[in-house]
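Just below is one structure, and these are the notes that go with it.
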2 protein chains.
Amino acid sequence: MKATIRSVAKLAGVAPSTVSHYLNQTAPLSAATAKSVEEAIAALNYRVNLGARSLRLRKTNSIGVVIPNITSPFFGEIAAVMENRLWERGFQTLLCISERSPERELSQVAHLVSRQVDGILLVYCSQKSRVAETLSDISVPIVFVDRRVPDQYSVCTDNFLGGRLAGRHLATLGHRVIGLLCGEPSVENVAERIQGFQVELQRFGLEIPEAYKAKGRQDLQLGLRITDLLQLDPRPTAIFATNDIVAIGAWRKLVESGFRIPRDISIVGFDDIAISRFLVPPLTTVAQPYREIGAKAVELLVDLVQAGETGKPAQENVILAPTLKIRGSTAPLKKGGAGKAIDGRLPQRTKPVPPKSKRSSRKGASRRPFKS
Amino acid sequence: MKATIRSVAKLAGVAPSTVSHYLNQTAPLSAATAKSVEEAIAALNYRVNLGARSLRLRKTNSIGVVIPNITSPFFGEIAAVMENRLWERGFQTLLCISERSPERELSQVAHLVSRQVDGILLVYCSQKSRVAETLSDISVPIVFVDRRVPDQYSVCTDNFLGGRLAGRHLATLGHRVIGLLCGEPSVENVAERIQGFQVELQRFGLEIPEAYKAKGRQDLQLGLRITDLLQLDPRPTAIFATNDIVAIGAWRKLVESGFRIPRDISIVGFDDIAISRFLVPPLTTVAQPYREIGAKAVELLVDLVQAGETGKPAQENVILAPTLKIRGSTAPLKKGGAGKAIDGRLPQRTKPVPPKSKRSSRKGASRRPFKS
DNA sequence: AGGAAAAGTTGAAACGATTCAACGCGACGC
DNA sequence: GCGTCGCGTTGAATCGTTTCAACTTTTCCT
């Protein structure tokens, strides 16, 4: 039988309320009573029942975290940071993994509300998420992470800026023929990256024709489709991938096909996941400020939770700036120049360049793919 | 004001207990009452307070998961599998990250107990963990994951077997001079891998001299120390790293130094983290059965939880077999043979082999490093 | 029609904590 | 000596559920 505050009180020969006061230091106790309570607690190995306390206090000191998955390095990092910060602040993390299913996500949020969490940190998995709509039903503070939601608290990277950073980097390196590996925009983030990238290129008088964009679900497979782009004429001398996973997929294909990075082709990713630093050469990428995102989201939510009694803080959409990590996978355009095939000194095991596909050759012939 | 079962009852014109029966389908209700209760619930947007229910039922349907960290791919995978399985089984996951601190781990376990979790899944972070000792104080079922604990429920990979698999693979490929990158055994797992590896090599009449073992904290840095091994004479033709991260560290150094994998050197890792498949060539490694570990641990714990009322299941230590994934990073020993420097056709950018260090030359000269 | 069984509903007592108002009591001031 | 104050302590109510025994109403059988 587990010890309760009552059993402790009985053993110590005091009232339950006295034990409670001892535990919470909410009233002064005489040294004698304190001691006997202390002993009773030790004797019974008593531990307060936080569930019961929560019921009475109407506050659980727990925060629900809903995240699409946790094995992807990006989300994993964010989840880790949030758990850490929450623990430091005295909150327990209730973890839910939505596995990118909007239905599951919704039911998880509902479940968390039922559990009386004090707040929710949500990285929603798809623009179709219905959480935002049903939000009025949810009387719990909620902060959206890595997503921008109109009129809601949210913390997000400036994806547009990130795209621009990547674009500027490649353009100033002299690249003129650039390929794009675009994840299907399940959420707006990816679309913003692409837009930022293109807007910045325009400043350099560059434009990316549709043929130079490979689109697909944002995962490793998409990276492999870089082979499509390599068949184009002129062949791209640089690639921007909308995240590092895609970049790594492309990387693999490139190396297997005998390309040298960055000599033959430059490549830029997005996210700066841990592996990227350890490729040879390391991947140039737009780094998301993981720690800041997680930390800021927790801070914002905790403020909201604690402001529950008083007034709410002003509506706040936090947008954090990413930074460009220039590493070894990008290099200035070699004198061969844009539009030329890469020079003859290919690595030994290079496969012959496959014949141009109809599509690419047509497009390539009909108009100059890049202005200027 | 949040709706309670009482407010619902009042609105529906019935007793609170009736509403409860409606919710739990624990007594037959007339169609009329059911309907009015239903409507009242909808009108008030009532959601049951799971905290209160737990208090009454003395069962929280929540499981504490304590894990050293979550960003490392191995632990991340396991955590993900466990969360998923738990959710399917109707349990909420309370996540705690110990950050490899035994003190933190202990206080997290204590906290979870206070929260009345129904059970705990623990990947403890260090052999010094004091959880096992204080276990008698803990009246909650607990399953140790990826660790073996005497007389406790646990689920673990057969690390010894894993080591043997790696050893046999390299030996049958003809390698005779083999280097070892040994993580400091913070937990026994690593030591067992090394032991299994050596035991298997002995069957082939091979033995690894101390000079061919690089030891250190099991992380990327350790991998970089492969340079020490490369200065030995004879130079190892194969490397076994006690996990994939270490192997990747070594890999990076090797590639940077101009070695070709597996032509110049074979390398075997342990864990089979996601990245390993995507190196070029992909890494041969001993795959831990992640999914099985996580799934089995959850299954075992849930059994324990549900057996709480009845008798406990027999003491069980589940040991799961790892499998060797033979990929591109290992190859048969080339005719140059053991003990010879790798052949002259090094890649273009190979750095000159550094002069032998005093230590290695002395050792190398004093006795044959490998029997047979 | 009468009684028993079945069906539907309910009040009150938990679960384990917190908290507020009140109480006993010695000390103090006048 | 008496009223007051403050300290230490406590009883009872409460948080939102579930559940058991009991109660009322209906149904069924003979």
Side-chain angles (χ1 to χ4, degrees), chain A residues 1-38 40-41 44-62 111 113-118 139-140 308-309, chain B residues 1-38 40-41 44-62 111 113-118 139-140 308-309:
Chain A
M1 206 54 179
K2 240 176 206 171
T4 74
I5 205 172
R6 250 182 274 278
S7 59
V8 170
K10 187 184 285 183
L11 180 59
V14 298
S17 44
T18 305
V19 179
S20 174
H21 284 134
Y22 170 84
L23 291 171
N24 303 306
Q25 308 198 34
T26 174
L29 294 192
S30 74
T33 14
K35 183 153 163 288
S36 64
V37 170
E38 212 161 300
I41 288 178
L44 297 175
N45 187 30
Y46 167 76
R47 327 211 119 247
V48 63
N49 179 328
L50 292 177
R53 173 181 287 176
S54 294
L55 176 58
R56 180 63 230 250
L57 261 40
R58 320 170 110 239
K59 176 152 181 4
T60 56
N61 280 301
S62 63
H111 180 91
V113 172
S114 260
R115 267 194 198 275
Q116 316 292 116
V117 292
D118 295 337
S139 48
V140 166
E309 307 102 27
Chain B
M1 208 52 181
K2 239 174 206 169
T4 73
I5 206 173
R6 248 183 274 277
S7 59
V8 170
K10 187 184 287 183
L11 180 59
V14 298
S17 45
T18 305
V19 179
S20 175
H21 284 134
Y22 171 83
L23 291 172
N24 304 307
Q25 308 198 35
T26 173
L29 294 193
S30 75
T33 9
K35 183 153 165 289
S36 65
V37 169
E38 214 162 298
I41 287 178
L44 297 174
N45 188 31
Y46 166 78
R47 327 212 118 245
V48 62
N49 179 329
L50 292 178
R53 173 181 287 174
S54 294
L55 176 58
R56 180 63 230 249
L57 261 40
R58 318 169 111 240
K59 176 151 181 4
T60 56
N61 281 299
S62 63
H111 180 91
V113 173
S114 260
R115 267 194 198 273
Q116 317 292 116
V117 291
D118 295 336
S139 48
V140 166
E309 307 101 28

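Numbered from 1 within each chain, the chains take letters A, B, ... in sequence-line order.
Taking the side chain of Ser30(A) as heavy atoms from C-beta on, and the options dG16(C), dT18(D), dT9(D), the nearest nucleotide is dT9(D). Comparing dT19(C), dT19(D), dT17(D) against the side chain of Leu57(B) picks out dT19(D) as the nearest. With distances taken from any side-chain atom of Arg6(B) to the nucleotides dT17(D), dG16(C), dT19(D), the minimum falls on dT17(D). Counting only heavy atoms from C-beta on, Leu55(B) has its side chain closest to dG16(D) among dG16(D), dG8(D), dA17(C).
Atom NE2 of His21(A) and atom C1' of dG11(D) are 12 Å apart (whole Å). Between the CZ atom of Arg47(B) and the P atom of dT17(D) there is a distance of 12 Å, given to the nearest Å. Computed from coordinates, the Ile5(A) CD1 to dG11(D) P distance equals 14 Å when rounded to whole Å. As a whole-Å value, the separation of Lys10(A) NZ from dT10(D) P is 15 Å. The CZ-C1' distance, from Arg58(B) to dA14(C), rounds to 10 Å in whole Å. The NZ-P distance, from Lys59(B) to dG16(D), rounds to 23 Å in whole Å. Taking atom CD of residue Gln25(A) and atom P of nucleotide dC7(D), one finds them 17 Å apart after rounding to whole Å.
For Asn24(A), a side-chain nitrogen or oxygen approaches OP1 or OP2 of dT18(C) to under 4.0 Å. Under 4.0 angstrom from either OP1 or OP2 of dT18(D) there lies at least one side-chain N or O belonging to Arg53(B). An OP1 or OP2 oxygen of dT18(C) is reached within less than 4.0 angstrom by a side-chain nitrogen or oxygen of Ser20(A).
When atom types are taken as modelled, the side chain of Ser7(B) and the backbone of Ala3(B) share no donor-acceptor pair closer than 3.5 angstrom. Distance alone, capped at 3.5 Å, places no donor-acceptor pair between the Ser62(B) side chain and the Val117(B) backbone. No donor-acceptor distance shorter than 3.5 angstrom exists from the side chain of Asp118(A) to the backbone of Lys59(A), with no hydrogens or angles considered. Side chain of Asn24(A) to main chain of Thr26(A): no donor-acceptor pair is present (N/O by atom type, distance under 3.5 Å, no hydrogens or angles). Counting only distance, with no hydrogens or angles, the side chain of Thr33(B) and the backbone of Leu29(B) share no donor-acceptor pair below 3.5 Å.
Among the atoms of the strands shown, base atoms are found under 4.0 Å from some heavy atom of Ser17(B). Among the protein residues, Tyr46(A) comes within range of the sugar-phosphate backbone only, with heavy atoms under 4.0 Å from sugar or phosphate atoms but none that close to a base. At the heavy-atom level, Leu29(A) lies under 4.0 Å from the strands shown only through sugar-phosphate atoms. Contacts of Thr33(A) with the nucleic acid, taken as non-hydrogen atoms under 4.0 Å apart, involve only primed sugar atoms and P, OP1 or OP2. Counting any heavy atom pair closer than 4.0 Å across all strands shown, Thr18(A) reaches a base atom. Using a 4.0 Å heavy-atom cutoff across all strands shown, Ala15(B) reaches sugar-phosphate atoms only and no base atom.
Atom-to-atom distance recorded for Arg56(B):CZ and Asn49(B):CG is 14.5 Å, nearest 0.5 angstrom. To the nearest 0.5 angstrom, His111(A) atom NE2 is 11.0 Å from Arg47(B) atom CZ.
Within a 6.0 Å sphere centred on NZ of Lys2(B), heavy atoms belonging to other residues, nucleotides or ligands number more than 12.
At a cut-off of 3.5 angstrom, the base of dT14(D) holds at least one donor-acceptor pair with the side chain of Arg56(A).
Over its length, the helix from dA1(C)-dT30(D) to dC30(C)-dG1(D) turns its helix axis by 50°, as judged from the five terminal pairs at each end, rounded to 10°.
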